[in-house]
K.L.:
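Supplied in structure tokens, the structure appears directly below.
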There are 2 protein chains.
Amino acid sequence: MMQAVPSYTLPGTTIDVLKARCATCSMHQLCLPMGLDMGDMDKLDKIIGRRRKVAKGDVLFRIGDPFTSLYAIRLGHFKTYQINAGGEEQVTGFQMGGELLGMDAISTDKHYCSAMALEDSEVCEIPFSSLEQLLVDMPTLLRHFHRMMSQEITREQSVMLLLGNMQATQRFAAFLVNLASRYEARGYSATAFQLRMSREDIGNYLGLTIESISRLLNKFKKLGLLTVSNRELQVLDLPRLKAITAGTEVCA
Amino acid sequence: MMQAVPSYTLPGTTIDVLKARCATCSMHQLCLPMGLDMGDMDKLDKIIGRRRKVAKGDVLFRIGDPFTSLYAIRLGHFKTYQINAGGEEQVTGFQMGGELLGMDAISTDKHYCSAMALEDSEVCEIPFSSLEQLLVDMPTLLRHFHRMMSQEITREQSVMLLLGNMQATQRFAAFLVNLASRYEARGYSATAFQLRMSREDIGNYLGLTIESISRLLNKFKKLGLLTVSNRELQVLDLPRLKAITAGTEVCA
DNA sequence: CGATTGGTTGATCCCCATCAAGCCACGTGG
DNA sequence: CCACGTGGCTTGATGGGGATCAACCAATCG
């Protein structure tokens, strides 16, 4: 059966190009096209290679892969991770809709981390050389692209702060508060969401073990800060979680 | 006494603009002007606000300062650090000649960390708005600027790996190997250099205490990996240090 | 059904923080 | 000159936070 327009439902293929435009994408206030007028947005649309589905557990790119494109997340969640010499993973971040993957690869033309979909997801492939050409004609895009790279730098600095001088409880609180604020920025509930990542991924990311994460969830539950069942999470006392994150509240 | 050309020797003032040009700067193969032809390099020279001296212990910018400029290090060393809610420092990096300071501030127009000179240093002030205008006309500069931002991202990812799943010994070895390679890239000895930062700064950066750093130095000394007297350091067995970093060698 | 995957809970242990004392070089003032 | 303080660092003794080990549970799947 032939299809004039690539099907949305066939995994691994491109997505219906009619539906998938920056202007109609719910992420366009956060993503690269932020602040662009319709004309500029169209130009950006034109260079986007393809809009791909990535199934849960599939790897979008792997450490060492040659770098050609950045990927903007339309839908879904990813984790990025490095592999150390011993072959163990270190999760370096969790990404969601509107965020950009692959910026670390620009410096060496090789991907410096791997990116795996935590659920069925969709991304826009942005060939980097085309993007750079576009940047020259679109100051607004240039500006926002730089902001997004800079944001990645500050995000990582926060994680360094977290790993460098926070205790387990504080780390985990910071993690939850961070998720909450990102969901809020996307118009979702800041207090009710599901964890798309396993306890193992969370622990790895926070420099803790899976057992510690389990205990911390339990601790917070007992303190009345949240309820959790499997991966469904409800934050009951966000202000106090924030206080713990800030170190204001010690939390016995 | 009037001076036609700002004196090089007056602290806090601009530096002799005749001597201080990208083309004659020893860092120009690493720094922003990498790969530029003479014409482009001149254009870059023209937008550089001033070349400043920063005395040891002085702060170049502070968290929360409004962002106007990036700073390229001509000479000397800096540390960058964040302050957590409790008022404690977290060192996020050590920077040396040819590296760029302030890229984290682009996203919010405010500095996200503070930068302090570890010794008497010199920087080139690069007004960011001028730089962005220049980028439009100079693809080579655009490319390299993106590479430098990306490099900062990968650098921080490495630190996340370090803080997230390395033991103290491994962290410290990684720190030394990193310094060695950066000095080598600058044409200095990879095996003999002085630590410009205090034990306290090192410990803070690596998520360890000052006592641990002291013990680790001693341990490495006993293992014949290095000699150290005060801040003067001599690496005796770089390959083995690298092996420890990689986790190949366990190091009892 | 058994096997497997992901998570919880308890017992024990160890790495590194913490606490404490002391060393050394330096500056300062009597 | 010494007495004194101070900052940066070293060294030793002790303790704790979280890792590790182990058992168990629940859901899913062939």
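In what follows, chains are A, B, ... by sequence order, proteins preceding strands, each numbered from 1.
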K.L.:
Kindly indicate whether the side chain of A:Arg51, heavy atoms from C-beta on, has any atom under 4.5 Å from the side chain of A:Glu122.
P.N.:
no
K.L.:
Heavy atoms under 4.0 Å, any strand shown: does A:Gly203 hit a base, just sugar-phosphate, or nothing?
P.N.:
nothing
K.L.:
Rounded to the nearest Å, what distance is computed from the CD atom of residue A:Glu200 to the P atom of nucleotide D:dA19?
P.N.:
13 Å
K.L.:
Between B:His77 and B:Met197, is there a side-chain heavy-atom distance shorter than 4.5 Å?
P.N.:
no
K.L.:
Determine yes or no for a side-chain-to-main-chain donor-acceptor pair under 3.5 angstrom, with B:Thr80 supplying the side chain and B:Ser114 the backbone.
P.N.:
no
K.L.:
If only side-chain N and O atoms of B:Thr209 are considered, is one of them under 4.0 Å from the OP1 or OP2 phosphate oxygen of C:dC16?
P.N.:
no
K.L.:
Between the axis at one end of the helix from C:dC1-D:dG30 to C:dG30-D:dC1 and the axis at the other (five pairs apiece), what's the angle to 10 degrees?
P.N.:
20°
K.L.:
Counting distance alone, no hydrogens or angles: does the base of C:dG10 have a donor or acceptor under 3.5 Å from a partner atom on the side chain of A:Arg215?
P.N.:
yes
K.L.:
Counting only side-chain N and O atoms of A:Ser214, is one of them less than 4.0 Å from OP1 or OP2 of C:dG7?
P.N.:
no
K.L.:
Using atom CG of B:Leu233 as one end and atom P of D:dC9 as the other, report the distance to the nearest whole Å.
P.N.:
13 Å
K.L.:
Can the positive tip of A:Lys110 be found less than 6.0 Å from the middle of the six-membered ring of A:Tyr112, inside 45° of the ring normal?
P.N.:
no
K.L.:
Enumerate, atom names and distances included, each donor-acceptor pair closer than 3.5 Å involving a side-chain atom of residues 230-240 of chain A, sequence neighbours excluded.
P.N.:
unit_1: A:Arg231; atom_1: NH1; unit_2: A:Arg196; atom_2: O; d: 3.2
unit_1: A:Asp237; atom_1: OD1; unit_2: A:Arg240; atom_2: N; d: 3.2
unit_1: A:Arg240; atom_1: NE; unit_2: A:Glu249; atom_2: OE2; d: 2.6

K.L.:
Looking at A:Arg231, does any N or O in its side chain come under 4.0 Å of the phosphate oxygens OP1/OP2 on C:dG7?
P.N.:
yes
K.L.:
Nearest-Å distance, CG (B:Leu217) to P (D:dT10)?
P.N.:
6 Å
K.L.:
Once you round it to whole Å, what is the distance between P of C:dT18 and CD of B:Glu88?
P.N.:
9 Å
K.L.:
Looking at B:Gln167, does any N or O in its side chain come under 4.0 Å of the phosphate oxygens OP1/OP2 on C:dC16?
P.N.:
yes
K.L.:
Using a 4.0 Å cut-off on protein heavy atoms (strictly under), produce a 5'-to-3' string for nucleotides 22-30 of chain D with B for base contact, S for backbone-only sugar-phosphate contact, and - for none.
P.N.:
B--------
K.L.:
What is the distance from NZ of A:Lys222 to C1' of C:dT9, rounded to the nearest Å?
P.N.:
10 Å
K.L.:
Before we go on, tell me: are the rings of A:Phe67 and A:Phe61 under 6.0 Å apart, centre to centre?
P.N.:
no
K.L.:
Would you mind telling me which of B:Ile153, B:Leu161, B:Val159 makes a side chain to side chain contact (heavy atoms under 4.5 Å, CB included) with B:Gln157?
P.N.:
B:Ile153
K.L.:
On DNA chain D, does the nearest nucleotide to A:Ser212 precede the nearest nucleotide to B:Ile210 from the 5' side, or the other way round? Give the residue.
P.N.:
B:Ile210
K.L.:
At under 4.0 Å, does any side-chain N or O of A:Asn218 touch on OP1 or OP2 of C:dT8?
P.N.:
no
K.L.:
I'd like to know whether the aromatic ring centres of A:Phe94 and A:Phe78 sit less than 6.0 Å apart in this structure.
P.N.:
no
K.L.:
Do A:Ile210 and A:Arg199 come within less than 4.5 Å of each other through their side chains, counting heavy atoms only?
P.N.:
yes
K.L.:
Figure out the CG/C1' separation between B:Asn204 and C:dA17, and round it to whole Å.
P.N.:
14 Å
K.L.:
Can you tell me how far C1' of D:dG18 sits from CZ of A:Phe172, to the nearest Å?
P.N.:
15 Å
K.L.:
Distance to the ring centre below 6.0 angstrom and angle to the axis at most 45 degrees; does that hold for B:Lys222 and B:Phe220?
P.N.:
no
K.L.:
Phosphate oxygens OP1/OP2 of D:dG7: is one of them under 4.0 Å from a side-chain N or O of B:Ser198?
P.N.:
no
K.L.:
For D:dC9, does either OP1 or OP2 sit under 4.0 Å from a side-chain N or O belonging to B:Arg199?
P.N.:
yes
K.L.:
To the nearest angstrom, how far is A:Leu206 atom CG from D:dG17 atom P?
P.N.:
18 Å
K.L.:
Using a heavy-atom cut-off of under 4.0 Å over every strand shown, decide if B:Ile213 touches base, sugar-phosphate, or nothing.
P.N.:
nothing
